[in-house]
Amino acid sequence: MMRKLAALMVSLILIGTQMVRAEGFLGLGKITTDGSLEVLGNSANNETDFNGDRPDRRGGTISRVRVGLGLPEITENVSGRIEIVRNSNAGSRVQYGNNQPVDMITEQGLWLLQNAYVNVNNFLTMDMFRLGRQYIGEHGDSLFYVGPVNDDAMTVTAIDGLRAEKKYWKLNFDGFTGKFRHNETAPGSAAATEAVNAPGGGDINISYLTVGADDLFPMIRVPLQLGYYNGKNNGLTATNDNIDLTIMDLRAGVGLLNNALNLSAEYAQNGGKDDNGVSGTQKSKFKGNGFFLKGAYAFQGPKVGLHLQYANASGDSQNGTVASRESRDKSFHDLSVLGGPRGDLRFGEIFGYGDFLANQPGVSTQLGRGLSVLAWGADWTPSFLNDKTTLSLDNYMFRVNKVVTDASKGVGAETDLAALYHFTSAIDARVGAAFFRPYSGLANNFTAANTASKNMVTMYFAKLSIKWGGEKEEAPAPAVKKTAPARKHQS
């Protein structure tokens, strides 16, 4: 651990030296800095087979470091940002207990550039015009998020593209277009088609446009947002293997009792098609839908919060052959169905965030079973602990929507307990435990059998977060937030 911290300090010193040089010799003006250090340790048992007689415990400690540079005066009306990250994307060396030495040459290769963009102020009268590698979206969004994820691997993704914002009257317009993946063997040549020689698939292009407002009505806050999302994967061949997904999304909310009570709803409808379908023999049209309801109430006196949430993603019939039902795919999809970014609406420390996510029953896979979730819980910040500690309890019930004849739809139930200690504005510590009880459907892989073990899955976790500098310049929140009831890690 000391070697890792020493390597971190040397890296930060080198970065600081480069900042001074940039400011002094390149004329970039005043440079601001920010960053964070997060250390997460957890252990889990019984995730793979739900059989307590077969030990499958895992445990480890991992870290994520983010260092950002704000460049407010690149040139006239141009500002920018650079952020480098050291996390799980760098491989096994970020894990504690790795006895391989870390030299400075190796350490440089573990830092990945995740932000590198410029803002052009007032370009085309836009309120914000941004070009480059950036984060998009918000934690807890059901459809679209690219950025630091609070999962067990501390994943970070980014996307290259152009984003613009404009407020007109009471309406906020937010648009983006970019590439999540680009495959060309010879850029600029006639042979550089988007699909040729692309072992991981073709280009993935992502675009969206949202229109939102939260002050249309006097005397009451009613956030509204209408969004159009589109993603396209150009596939492995140039003509017959494209996947094109569209999502129409409507969000609405209301704040009552001086915003002590907040209610929100969202409905999303899929469109588009897969030119080859699942079987590769015919086109598949996307017809799925999802809706999400949320309510939260905060008591101002005792500092107690209550929350309730329901989410439902439609599923496709699981009976019959794939070819007989793939012409209309009725399961709900986010952009991950074409290899793009997934939404960040997650439920539960075990079910929603960890390696166990691989067992999540097909919300984003084609012809998936769908999923419904009922979540409820409470949090309390007691005054006798100096208002620095928040205790939380969250419960979840999971169920798929479509199964084969005679199979169970039951997935499981989870209970999470956690304590968040807010030491200062820059330092948080969180510890907790989670317990997942699998039901027959998940344990038997949604077949008609009922013989598999259904023993409890357990997880224990602890995380320390240290931040410095100004707030990281990430995408503004949309008009209607949909943050999950429980947040595993604070970002």
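- Under a 4.0 Å N-O distance rule, the pair Arg81/Glu83 qualifies as a salt bridge.
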Kindly indicate, with the supporting measurements, whether the criterion side chain to side chain contact (heavy atoms under 4.5 Å, CB included) is fulfilled by Asn42 and Asp152.
CA-CA 8 Å; Asn42 61 21; Asp152 285 350; 3.2 Å; yes
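- Looking at residues two or more places apart in sequence or on another chain, you find a ring-ring contact (aromatic ring centres under 6.0 Å, His included) between Phe129 and Phe123.
- In this structure Thr424 satisfies the side-chain contact (heavy atoms from CB on, under 4.5 Å) test together with Ala426, Ile427, sequence neighbours excluded.
- If you check the side chains of Asp344 and His139, you find a donor sitting under 3.5 Å from an acceptor.
- Taking 4.0 Å as the cut-off between side-chain N and carboxylate O, Asp141 and Arg251 count as a salt-bridged pair.
- Lys273 meets the side chain to side chain donor-acceptor pair (under 3.5 Å) test with Asp275; sequence neighbours excluded.
- Using a 4.0 Å cut-off between charged side-chain N and carboxylate O, Asp174 and Arg163 make a salt bridge.
- For Asn122, there are no side-chain contact (heavy atoms from CB on, under 4.5 Å) partners, not counting sequence neighbours.
- Residue Phe423 places its CZ atom among 12 or fewer non-hydrogen atoms of other residues, nucleotides or ligands, all under 6.0 Å distant.
- Between the side chains of Lys232 and Asn205, no donor N or O sits under 3.5 Å from an acceptor N or O.
- For Asp160, the side chain to side chain donor-acceptor pair (under 3.5 Å) partners at least two apart in sequence or on another chain are Arg133.
- Applying the side-chain contact (heavy atoms from CB on, under 4.5 Å) criterion to Ala44, with sequence neighbours excluded, gives Glu47, Arg58, Met459.
- For Tyr267, the side chain to side chain donor-acceptor pair (under 3.5 Å) criterion is met by Gln269, not counting sequence neighbours.
- Under a cut-off of 6.0 angstrom, the local environment of NZ in Lys285 is sparse, with at most 12 non-hydrogen atoms contributed by other residues, nucleotides or ligands.
- Looking at residues two or more places apart in sequence or on another chain, you find no salt bridge (Lys or Arg N to Asp or Glu O under 4.0 Å) involving Asp215.
- Between Ile159 and Val146 the shortest heavy-atom distance is N-CG1, 3.8 Å.
- With sequence neighbours left out, Asp379 forms a side chain to side chain donor-acceptor pair (under 3.5 Å) with no residue at all.
- Under the side-chain contact (heavy atoms from CB on, under 4.5 Å) criterion, Ala433 pairs with Phe435, Tyr460, sequence neighbours left out.
- Residues passing the salt bridge (Lys or Arg N to Asp or Glu O under 4.0 Å) test with Asp316, sequence neighbours excluded: Arg325.
- Crowding of Lys283 atom NZ: a count of heavy atoms from other residues, nucleotides or ligands under 6.0 Å not exceeding 12.
- For the pair Val65/Val85, no side-chain contact is recorded, criterion being any heavy-atom separation below 4.5 Å from C-beta on.
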